[in-house]
There are 2 protein chains.
Amino acid sequence: MQSAIEPLDWPSLIEAQPAAGLIPIGLRQQAKRLDAQARVPLFRIGDPVRCVYLVVSGEARLIRLARNGSEVILQRSRGGFLAEASLEARSYHCDAITTEPTTILTLPVAAFRAALEEDPIFRSAWQSQLTKEIRKLRAQCERLSLNSAADRISHYIESEGADGILTLHQSRKSWAAELGLSHEALYRTLRRMQSEGVLDVDGVRLATK
Amino acid sequence: MQSAIEPLDWPSLIEAQPAAGLIPIGLRQQAKRLDAQARVPLFRIGDPVRCVYLVVSGEARLIRLARNGSEVILQRSRGGFLAEASLEARSYHCDAITTEPTTILTLPVAAFRAALEEDPIFRSAWQSQLTKEIRKLRAQCERLSLNSAADRISHYIESEGADGILTLHQSRKSWAAELGLSHEALYRTLRRMQSEGVLDVDGVRLATK
DNA sequence: CGTACTTTTGAATCGCATCAAATCTGGTGG
DNA sequence: CCACCAGATTTGATGCGATTCAAAAGTACG
């Protein structure tokens, strides 16, 4: 079995993912918990939008296949909403999939929209969420505009890490995809940066120097 | 003189930029019109956020300078809001500049936030705006993830144009920057695509075949 | 203990960036 | 109207860096 619906325990959900705490009571009653293994599709391009996804733990991604068959990562959500823009769409414009065992809350779109209308706090939180996503995407665009692998790596550590230190929450191979690089280029550049003393690599901990 | 404040004529403003029509009456009274020449800075990184910018006609951009001195285009607004995410920030994270003679409405942030709280229609329009921006940015990320110049060009025409036909509203040189390419690479690739019969180039009109 | 996947290294190739320079364009002022 | 200038467009040559293909070694997991 690839996924399962389990009973909801709000205090622990909120502890795992604070954003869940912003969901109004009325909407909570319509939420369903979804526990999925790795590589479980949540929706596919063209599917009608039925619910909003909140990643509680684990990771879910929006992906699209390029014409040459390579996979482009459009969003990587580790805790927080997935596919925020789908709230305004009829059907999905890309695929969504889990990359590891993941717990998700699903919220019916109609009830979600109603809750946004009625609850000023929830609404404000949602607007912040959208804004944060815009900033994140701009950073990603800026990064992809850099044309050397080393620059993209440094940029990622600076913008996603804290004080020049980043703990990597994914395989290097999939990080390479997120950086728009081949995994070989990433491995080689990491090594070179380390040997040049620009970067300190220690397992999943990366630090610029 | 680089810029001027002029009296407001709402009907014509709304005709030029429909988004202006969504602004509630109360907020309109606080709006100021700004007419700027090309290459006029609207704000700089670090400046405190005092107002929201709505581009009525012309073009304004968010830009940031990369460490190597090259200019990265974070947003290009031709009609519509600029720097939506600034509404939630204290100070700007990038520079804004006009690229041609441009008419802008400026709306004080405090009044803007208040209007969002009070007016459900305006609020809903603003959320749509944020969502649209997210989709646009995802498309841009997807495009920058493509590693051939031809693929980026095709992707741009498909996603920004209509039915495979695009009218370019900027110089090719600055389009190149938006595509994350050197202008030489863009010129050469356009020519090659045309000679290969993949693309039809006619002045500012580009069509995929 | 086998299988799938990631990590790592090597070698060859290709496309883009870069530097250079000529031409073309639109706009300004004499 | 013409000279002039700044910027855009175009072409050429060169080098680097990333992609690609290949293959080996390491690792996690059932």
Side-chain angles (χ1 to χ4, degrees), chain A residues 1-2 37-39 58-59 61 66-73 97-101 143-156 168-196 198-199 201-206, chain B residues 37-39 59 66-73 97-101 143-156 168-196 198-199 201-206:
Chain A
M1 188 181 60
Q2 287 195 314
Q37 299 296 312
R39 278 170 248 100
E59 181 179 302
R61 289 185 185 178
R67 258 178 308 186
N68 60 8
S70 71
E71 186 175 280
V72 178
I73 300 176
I97 195 171
T98 60
T99 57
E100 56 183 270
R143 184 157 48 239
L144 291 173
S145 296
L146 305 174
N147 35 25
S148 94
D151 284 348
R152 292 192 197 169
I153 290 168
S154 299
H155 186 287
Y156 193 95
L168 202 59
H169 288 290
Q170 61 184 325
S171 71
R172 295 184 184 191
K173 189 176 177 181
S174 81
W175 187 29
E178 192 178 355
L179 291 173
L181 298 170
S182 67
H183 60 279
E184 297 97 325
L186 176 59
Y187 291 130
R188 282 190 256 258
T189 309
L190 282 177
R191 161 159 303 230
R192 186 168 49 75
M193 290 175 80
Q194 191 171 23
S195 74
E196 285 172 357
V198 187
L199 193 68
V201 182
D202 175 20
V204 296
R205 188 182 159 283
L206 304 170
Chain B
Q37 299 298 310
R39 277 171 247 99
E59 180 181 303
R67 259 179 305 185
N68 61 7
S70 70
E71 186 175 278
V72 177
I73 301 175
I97 194 170
T98 60
T99 57
E100 55 184 272
R143 184 157 48 240
L144 291 173
S145 295
L146 303 174
N147 35 26
S148 95
D151 284 348
R152 291 191 198 172
I153 291 169
S154 299
H155 186 287
Y156 193 95
L168 202 60
H169 289 288
Q170 61 184 325
S171 71
R172 296 185 183 191
K173 190 175 177 181
S174 81
W175 187 30
E178 192 178 355
L179 291 172
L181 299 170
S182 67
H183 60 278
E184 297 97 325
L186 176 59
Y187 292 130
R188 282 189 255 256
T189 308
L190 282 177
R191 160 158 303 228
R192 186 169 49 75
M193 290 175 80
Q194 191 171 23
S195 73
E196 286 172 356
V198 188
L199 193 69
V201 182
D202 175 19
V204 296
R205 187 183 159 284
L206 303 170

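Residue numbering restarts at 1 for every chain, and letters A, B, ... go by the order of the sequence lines.
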A.B. asks: Could you tell me whether Ser148(B) contacts a base, only the sugar-phosphate backbone, or nothing, with contacts defined as non-hydrogen atoms closer than 4.0 Å?
C.D. replies: sugar-phosphate
A.B. asks: Which nucleotide wins on minimum distance to the side chain of Tyr187(A), given the candidates dT8(C), dA18(D), dC16(C)?
C.D. replies: dT8(C)
A.B. asks: Between dG12(D), dT9(D), dT9(C), which one does the side chain of His183(B) approach most closely?
C.D. replies: dT9(D)
A.B. asks: Can you find a donor-acceptor pair, distance only, under 3.5 Å between Arg188(A) side chain and dT20(D) base?
C.D. replies: yes
A.B. asks: Students often get this wrong, so: under 4.0 angstrom with heavy atoms, is Ser182(A) touching a base, only sugar-phosphate, or nothing?
C.D. replies: base
A.B. asks: Base contacts versus sugar-phosphate-only contacts with protein, heavy atoms under 4.0 Å: please encode nucleotides 25-30 of chain D as B, S and - from 5' to 3'.
C.D. replies: ------
A.B. asks: Going by side chain to side chain contact (heavy atoms under 4.5 Å, CB included), name the residues that satisfy it together with Thr98(B), two or more places apart in sequence or in a different chain.
C.D. replies: Ala36(B), Val40(B), Leu42(B), Thr102(B), Ile104(B)
A.B. asks: Report yes if at least one side-chain N or O of Arg191(A) is closer than 4.0 Å to OP1 or OP2 of dT7(C); otherwise report no.
C.D. replies: no
A.B. asks: Quick one: closest heavy-atom pair of Leu144(A) and Ser145(B), and the distance?
C.D. replies: CD1-OG, 3.7 Å
A.B. asks: How long is the gap from CD on Glu100(A) to CD on Gln37(A), to the nearest 0.5 Å?
C.D. replies: 11.5 Å
A.B. asks: In whole angstrom, what separates Arg192(B)'s CZ from dC14(C)'s C1'?
C.D. replies: 11 Å
A.B. asks: Can you list the steps and then say if Thr99(B) with Gln170(B) is a side-chain contact (heavy atoms from CB on, under 4.5 Å)?
C.D. replies: CA-CA 9 Å; Thr99(B) 57; Gln170(B) 61 184 325; over 6 Å; no
A.B. asks: Atom CG of Leu186(A) to atom P of dT8(C): distance rounded to whole Å?
C.D. replies: 9 Å
A.B. asks: Does the side-chain contact (heavy atoms from CB on, under 4.5 Å) test come out yes or no for Trp175(B) and Ile153(B), once each step is laid out?
C.D. replies: CA-CA 10 Å; Trp175(B) 187 30; Ile153(B) 291 169; 4.0 Å; yes
A.B. asks: With the side chain of Ser171(A) defined as its heavy atoms from C-beta on, choose the nearest nucleotide among dG12(D), dA22(D), dT7(C).
C.D. replies: dT7(C)
A.B. asks: For DNA chain D, find the residues of residues 172-181 of chain B with a heavy-atom distance under 4.0 Å and give them by number; none if there aren't any.
C.D. replies: Arg172(B), Lys173(B)
A.B. asks: Grab the CG-P distance between Leu146(A) and dA17(C) for me, whole Å please.
C.D. replies: 13 Å
A.B. asks: To the nearest Å, give me how far apart CD (Glu184(A)) and P (dC21(D)) are.
C.D. replies: 10 Å
A.B. asks: I want to check something: taking the side chain as every heavy atom from C-beta on, are His183(A) and Tyr187(A) in contact at a cut-off of under 4.5 Å?
C.D. replies: yes
A.B. asks: Grab the CE-P distance between Met193(A) and dT8(C) for me, whole Å please.
C.D. replies: 15 Å
A.B. asks: May I have the distance from Leu190(A) (atom CG) to dT6(C) (atom P), rounded to whole angstrom?
C.D. replies: 16 Å
A.B. asks: I'd like to know if the side chain of Ser195(A) reaches the main chain of Arg192(A), judged simply by a donor and an acceptor atom lying under 3.5 Å from each other, with no hydrogens or angles considered.
C.D. replies: yes
A.B. asks: Take Glu184(B) and Arg188(B), measure what side-chain contact (heavy atoms from CB on, under 4.5 Å) needs, and give me the verdict at the end.
C.D. replies: CA-CA 6 Å; Glu184(B) 297 97 325; Arg188(B) 282 189 255 256; 3.4 Å; yes
A.B. asks: Is there a donor-acceptor contact under 3.5 Å linking the side chains of Arg152(B) and Thr189(B)?
C.D. replies: no
A.B. asks: Whole angstrom is fine here: how far is it from CD in Glu100(A) over to P in dT6(C)?
C.D. replies: 13 Å
